[in-house]
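Input: a single structure, listed below in structure tokens.
In the text below, chain A, chain B and the rest are named by the order of the sequence lines, each starting its count at 1. Everything numeric in this text was worked out from a predicted model, so none of it was measured.
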Protein chains: 2
Amino acid sequence: MGVMERVSTRAKKAVELRPELPLDRILKGDCIETMRGLPDKSVDMIFADPPYNLQLGGDLFRPDGSQVDAVDDEWDKFDTFAIYDKFTKAWLKEARRILKDDGTIWVIGSYHNIFRVGTAIQDEGYWILNDIIWRKANPMPNFKGTRFTNAHETLIWASKSEKARYTFNYRAMKTLNDELQMRSDWVMPICGGQERLKRNGTKAHPTQKPEALLYRILLACTKPGDVVLDPFFGTGTTGAVAKRLNRHWIGIEREDNYIEVAEERIAMALPLDESAVVTMQSPRGAPKVPFGTLIENGLLKPGAILTDAKRRWQARVRVDGSLETGSDNGSIHKLGATLQKAPSCNGWTFWHYEDEGGLRPIDTLRQNYLLATQP
Amino acid sequence: MGVMERVSTRAKKAVELRPELPLDRILKGDCIETMRGLPDKSVDMIFADPPYNLQLGGDLFRPDGSQVDAVDDEWDKFDTFAIYDKFTKAWLKEARRILKDDGTIWVIGSYHNIFRVGTAIQDEGYWILNDIIWRKANPMPNFKGTRFTNAHETLIWASKSEKARYTFNYRAMKTLNDELQMRSDWVMPICGGQERLKRNGTKAHPTQKPEALLYRILLACTKPGDVVLDPFFGTGTTGAVAKRLNRHWIGIEREDNYIEVAEERIAMALPLDESAVVTMQSPRGAPKVPFGTLIENGLLKPGAILTDAKRRWQARVRVDGSLETGSDNGSIHKLGATLQKAPSCNGWTFWHYEDEGGLRPIDTLRQNYLLATQP
DNA sequence: TTTATGAATGAATCAACCG
DNA sequence: TCGGTTGATTCATTCATAA
């Protein structure tokens, strides 16, 4: 049996059951090494909170992900950046292999590392969709008064390629933001109070992320049942929120300390019941109703007159669901576009019919039809 | 007559202070080549608005059918990241040579280029002091509903080295911000209205920056009499603001079009009075809290039941902040309106939650959130 | 003269499906 | 893979025109 045959057999199983995927578990080990054990194209989203490479001494990593014990003062910062870059490219490469073709990745960082991460993301072939600013409602002040208060962190959201058809729950985000498009700057408090995990009276992890942040990310870019991988799991914010929102999760973490705290935390998180996890849906996902169906079902009669909202144009409905004016004819969309001299037109909202003393868009008829026929 | 020849003629007049520096003038020519003609360690600050390398696709239309006027100028086109990187490193290297040891550089960009710029800044030996987020008060929406509204741009502020003693007017910034430390996120409107320069009825430059942005930067990081270099001068926002604040400026620009507009503009620039400054810089409007924020932050759980004050209707909260009854769903405002058969409804006062033996409007929760997060 | 309404526009990597 | 069809999609602000 050849290699290719093995691969394709394995791929088939993964699609149906995901047999090799250790769902809802923390894998103990080095980030890159552990990722190597996960199958190709198997997860829907990756959230990564990698080391920030704060240049305060410490936190240096070799390309294999292991930590450098001591910072040699002789090293100049170019060497340091090169090592960080190698590490970054290595884990981003593995992440891209594991990610499904239509999956997306999120990475969070600060000005110390985010530019290098962003460059590596582009160089590895990802396609950046947005950069998102987490604007901290209550940041730590700059005590010395030597700079601007560092009051935000940056996240990068990217797909595997330019043509990928990634998940973005547009309608849910718009609803979450009081019927305005969700912007690229998010105001959220830092993680503190009850939410901040403690051990022996001190914070369990130095950079615990707020659940509100993961909540918005998972709601925006995954569907219930999707698999989310977090290769720098820490105290498991990703896992806790994923569980609450009925998403599967996989965490990778090296330190026993954090694993213990995370497991306890996630065990206590309660999944929401199914009706609460439902979100507002875009019409995109709804079943299509051809205009002709309305005529077949008698909601509109051939010969009926339609107009635009301002009654500038009118057209007559023909038996096959096309429209005609004196000189033009075509589908509801095409004729609307032609008359307005626009490149395109949504005929459902452009054309109106007369009903009890008022004009209504023909989309109303479509909604009525859907209500009457959908289970 | 070449650029340098013109420069040296002018320079004789300023022999004593800065012998070879062509102050308060636009130098026509290529950015890197022209910078080579400027002396070492001679300017106090550099502000740079380089090409973003946007990589746009086809035409984009608004929902109303009108076409978006895209940035399609030749100066923004680069074939590969490698070529863009090479260009970026080259001009940053020259900039660093020209900059005084205690000078600083500002560079603005978007997610298309800012990660590459940031990486190059670090690789060339600069020391990043802050990244600053320009949160646009009125960004262009995402018309197709495919991503988050791209509502910000990023600036990087860096010194020549870690040990540099750069200028930062801490008090001025704190005063400008109502006695609170100036943060790393700045809310400012995009450049439009009277300020937006026109030529033959259309915008003179596709990417003119608001004067408020340069005002804050120059006020924060230079002293009166300092020299500010802008190697991508465009229509001269940097020059106009520098003149108003009594700073010297040097502009480099390749295109005659822009030079003409800039020269006319700067000739007309007058000092701002204090009240105009305050108006321009002060934050506008009270902070908004979308309903979804309460859910993200755990003040209300998905699945919770809300009712109106008289318990005539009830609805269940979903993960995205929408509400559902048995038959309807929508935002707090929309669903309230639907149930009452009213044209509109203030969901904040209409919907209530049960709390210790009484109903309270959900607006109470919003107040609590504001109290907890506002400074 | 003042107010109401409508049109225009901004650094944008902006669709999905079927044959 | 390509091309044609269907039909989904916008916020804040300014300026011109109408009332």
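Whole-Å rounding puts the Met140(B) CE to dT14(D) C1' distance at 17 Å. As a whole-Å value, the separation of Trp134(B) CH2 from dG10(C) P is 13 Å. The CG atom of Asn138(B) sits 12 Å away from the P atom of dG10(C) (whole-angstrom rounding). Taking atom OH on Tyr258(B) and atom P on dA11(C), their separation rounds to 12 Å, with Å as the unit. One atom, CG of Asp59(B), and another, P of dA12(C), lie 14 Å apart when rounded to the nearest Å. One interatomic measurement links the two molecules: CD1 of Ile128(A) to C1' of dC14(C), which rounds to 16 Å at whole-angstrom precision. Tyr52(B) has its OH atom 13 Å from the C1' atom of dG10(C), to the nearest Å. Rounded to whole Å, atom P of dC14(C) lies 14 Å from atom CZ of Phe168(A).
Between the side chains of Thr307(A) and Trp313(A), no donor-acceptor pair of N or O atoms lies under 3.5 Å. Under 3.5 Å, the side chains of His333(B) and Ser331(B) contain no donor-acceptor pair of N or O atoms. Side-chain atoms of Asp230(B) and Thr238(B) form a donor-acceptor pair, as typed in the model, at a separation below 3.5 Å. Between the side chains of Glu324(A) and Ser322(A), no donor-acceptor pair is found at a separation under 3.5 Å. A donor-acceptor contact closer than 3.5 angstrom links the side chains of His152(A) and Ser184(B).
Asn177(A) comes within contact range of no nucleotide atom at all, as no heavy-atom separation falls under 4.0 Å. Using a 4.0 Å heavy-atom distance criterion, Gly193(B) is classed as a sugar-phosphate-only contact. Residue-level contact check: Ser110(B) touches neither bases nor backbone, having no heavy atom under 4.0 Å from any strand. Residue Pro50(B) is classed as a base contact, given a heavy-atom separation below 4.0 Å to a base.
Taking 4.0 Å as the cut-off between side-chain N and carboxylate O, Asp363(A) and Arg366(A) count as a salt-bridged pair. The existence of a salt bridge linking Asp178(A) and Lys334(B) is excluded, since no basic side-chain nitrogen approaches an acidic carboxylate oxygen closer than 4.0 Å. Taking a cutoff of 4.0 Å between a charged side-chain nitrogen and a carboxylate oxygen, Lys223(A) and Asp44(A) do not qualify as a salt bridge. Using a 4.0 Å cut-off between charged side-chain N and carboxylate O, Glu354(A) and Arg360(A) make no salt bridge. Looking at Glu124(A) and Arg96(A), no side-chain N of the basic residue comes within less than 4.0 Å of a carboxylate O on the acidic one, giving no salt bridge. Under a 4.0 Å N-O distance rule, the pair Asp308(A)/Lys310(A) does not qualify as a salt bridge.
Here the separation of dA11(C) from dA7(C), taken at their P atoms, is 23 Å to the nearest Å. Comparing dT13(D) with dT13(C), their C1' atoms are spaced 25 Å from each other, to the whole Å. dG10(C) and dT9(D) have their P atoms separated by 25 Å, with the value rounded to a whole Å. Taking atom P in both dC14(C) and dT5(D), the straight-line distance is 23 Å, to the nearest Å.
Arg135(B) forms no cation-pi arrangement with Trp186(B), by the criterion of a distance under 6.0 Å to the ring centre and an angle within 45° of the ring axis.
Remark: the Arg147(B) side chain and the dT13(C) base include a donor-acceptor N/O pair separated by less than 3.5 Å.
Taking 90° from 0 as the syn/anti boundary, the base of dT10(D) is oriented anti.
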Strand DNA chain D in bracket notation, Watson-Crick/G-U under 3.5 Å with | for pairs to another chain: .|||||....|||||||||

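In this structure the side chain of Asp76(B) reaches within 4.5 angstrom of the side chain of Tyr52(B), judged on heavy atoms.
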Under 4.0 Å protein heavy-atom contact, by nucleotide of nucleotides 1-9 of chain D - B base, S sugar-phosphate only: ----SSBBB

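The 5' end of DNA chain C is approached more closely, in terms of each residue's nearest nucleotide, by Lys203(B) than by the other of Lys203(B) and His112(B). Remark on DNA chain C: of its neighbouring residues Arg196(B) and Gly57(B), the 5'-side contact belongs to Arg196(B), judged by nearest-heavy-atom nucleotide.
In this structure, of dT13(C), dA11(C), dA15(C), it is dA15(C) that holds the atom nearest to the side chain of Thr146(B). Distance from the side chain of Arg165(A) is smallest for dA16(C) among the nucleotides dA16(C), dA11(C), dC11(D).
Shown for residues 72-87 of chain B: residues whose heavy atoms fall under 4.0 angstrom of DNA chain C, namely Trp75(B), Asp76(B).
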